Amino acid sequence: MNRVLAIETSCDDTSVAVVNSAGEVLALNSQSQDDVHGPFGGIIPELACRNHTSRLIPLVEKTILDSGYNWDEIDGIAVTSHPGLLGSLLVGVTTAKSLAFLNSKPLIGINHLEGHLHAGFLKSKGYQPSSDSPYPFVGLCVSGGHTATYHVRKFGKYEILGKTIDDAAGEAFDKFGKILGFGYPAGAQIDRLAKIGNALAYDFPRPLLRPKTSLDFSFSGLKTAGSQLVQRLQLSESVKADLCASYQKAIVDVLITKLQRAVEKTEVKSVVITGGVACNSALRKEAQEWAAKSKVQLFIPPPQFCTDNAAMIGLVGIKRLLLGEKSDLKLSPQAFMKVGTIRGL
Ligand code: KG4
Ligand code: ZN
């Protein structure tokens, strides 16, 4: 088992990768559908799966070509099978099953969150993780759909430490962006504007910092506070920049505080931050400063491995295939799972 082809279509990104057993990303092609969903202000599930259908096979062909290997040199196929949008998952799973069947390759269905938690250990020309053996670690998964911390004792052993009780952090960015009149998704735009704003200009709430032991997150009140404040202000560009910087700071403060608590509770020495919100420049900077101060080994992958991507699915896939696991051709996607119920994820 030297290398796998991986497919990720759980939401609105179509992504295909070839990854080897050392975690090296031999090829990765991801196509965002922001252009499709942006005008609607959110993801339209029917459009997401229709676009996966037209984009996936050409992306598979391109990725195999980019990897420099041919089908005979691909030893297995990994695909995100849960959780996600059912129609989107169906396109990836059905394509992966067909490819596995036609090419007589072993198939493995992978949990999307398990993929995110391992994104920090992928290797590419521009990124080398500081260790190959990071276990045990605390993983903070922050995206548009998820915000949770996990205690990862070893590969395959996950325990949820805290999760959002309402909105995900990415959702908090996107909803505030909508209030400010930005396109969808808004996280990157808020990040850009925040760079020229004053993070101390507005005092946004830091939800669920009390009680001091709480590891859960809550972001819906922050969005409401943002909405009420915006109604009272004249929105010039500089006011918007200050709002973005202050709002972003509140989210980053909460994430770092919860991470610190998770590390204290578990006494681990390594932390992974992953998911689309891990692209945020303020979070990356503050996390690095916090890790240096707290003597924690920090893994934050480059942005292309933080957002939804097939490389992270390939890494988990090859690890599982090497352990002798595989899925059969009855594999079917599962859209929802209660947090913490499948292998602790
Ligand atoms: O992981 P991801 O690509 O998809 C999900 O599984 O949700 O994450 C997308 C989320 C969106 O909410 C987007 O606004 C946010 O990640 N995001 C950011 C940044 N880049 C993407 N949030 C804050 N700052 C960024 N630079
Ligand atoms: Zn994701």
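Just the heavy atoms: all of them, side chains too, but no hydrogens, waters or symmetry mates, feed the values below. Indexing begins at 1, ligand by ligand and atom by atom, following the structure's order. Source: prediction; values computed, not measured.
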**Prompt:** Going by the atom numbers of ligand 1, which of them fall below 4.0 Å from some non-hydrogen atom of Pro185?
**Reply:** 13 (C), 14 (O)
**Message:** Can you tell me if Arg284 has over 12 outside heavy atoms packed within less than 6.0 Å of its CZ?
**Reply:** yes
**Message:** Going by side-chain hydrogen bond (donor to acceptor under 3.5 Å, both in side chains), name the residues that satisfy it together with Thr63, two or more places apart in sequence or in a different chain.
**Reply:** Asn29
**Message:** If the cut-off is 4.0 Å to any non-hydrogen atom of Gly170, which atoms of ligand 1 fall inside it?
**Reply:** 12 (O)
**Message:** Give me the nearest non-hydrogen protein atom to atom 14 (O) of ligand 1 as residue plus atom name, then the distance to 0.1 Å.
**Reply:** Asp174 OD1, 2.6 Å
**Prompt:** Are Arg320 and Glu114 close enough for a salt bridge, meaning some N to O gap below 4.0 Å?
**Reply:** yes
**Prompt:** Identify the closest protein heavy atom to atom 4 (O) of ligand 1: which residue and atom is it, and at what distance?
**Reply:** Asp308 OD2, 3.4 Å
**Item:** Numbering as shown, the atoms of ligand 1 that approach Thr307 to under 4.0 Å (heavy-atom distance)
**Value:** 1 (O), 3 (O)
**Complete:** atom 24 (N) of ligand 1: closest protein heavy atom, distance to 0.1 Å, is Asn280 ND2, 3.0 Å
**Check: Glu171 N/O within less than 3.5 Å of ligand 1 N/O** = no
**salt_bridge(Lys285, Glu289) N-O dist < 4.0 Å** = yes
**Fill in**
Closest to atom 22 (N) of ligand 1 among protein heavy atoms sits Gly187 CA, 3.4 Å
**Prompt:** Any non-hydrogen atom of Ala188 lying under 4.0 Å from ligand 1?
**Reply:** yes
**Message:** Which residues pass the side chain to side chain contact (heavy atoms under 4.5 Å, CB included) test with Leu329, not counting sequence neighbours?
**Reply:** Lys97, Phe101, Leu107
**Asked** How far is atom 9 (C) of ligand 1 from its nearest protein heavy atom, and which residue and atom is that?
**Response** Gly144 N, 3.8 Å
**Message:** What I want to find out is whether Lys249 reaches Glu286 closely enough, with some N-O distance under 4.0 Å, to be called a salt bridge.
**Reply:** yes
**pair Tyr150-Cys141: side-chain heavy atoms closer than 4.5 Å** = yes
**Prompt:** Which residue supplies the protein heavy atom nearest to atom 26 (N) of ligand 1, what is that atom called, and how far is it?
**Reply:** Asp191 OD2, 2.9 Å
**Fill in**
Under 2.8 Å from the Zn ion (ligand 2), the protein N, O or S atoms found are His112 NE2, His116 NE2, Asp308 OD1
**Asked** What atoms of ligand 1 come within less than 4.0 Å of a heavy atom belonging to Gly145?
**Response** 7 (O)
**Request:** Considering only NZ, NE, NH1 and NH2 on the basic side and carboxylate oxygens on the acidic side, decide whether Glu159 and Arg153 come within less than 4.0 Å.
**Result:** yes
**Prompt:** Side-chain heavy atoms under 4.5 angstrom apart, residues restricted to Ile, Leu, Val, Met, Phe, Trp, Tyr: same cluster for Leu59 and Leu65?
**Reply:** no
**Message:** Does Lys265, at its NZ atom, have more than 12 non-hydrogen atoms belonging to other residues, nucleotides or ligands within less than 6.0 Å?
**Reply:** no
**Item:** atom 17 (N) of ligand 1: the protein heavy-atom neighbour that sits closest, reported with distance to 0.1 Å
**Value:** Gly276 O, 3.5 Å
**Message:** Among residues at least two apart in sequence or on other chains, which ones pass side-chain hydrogen bond (donor to acceptor under 3.5 Å, both in side chains) with Thr14?
**Reply:** His52
**Item:** Asp167 bridged to Lys175 by N-O distance under 4.0 Å
**Value:** yes
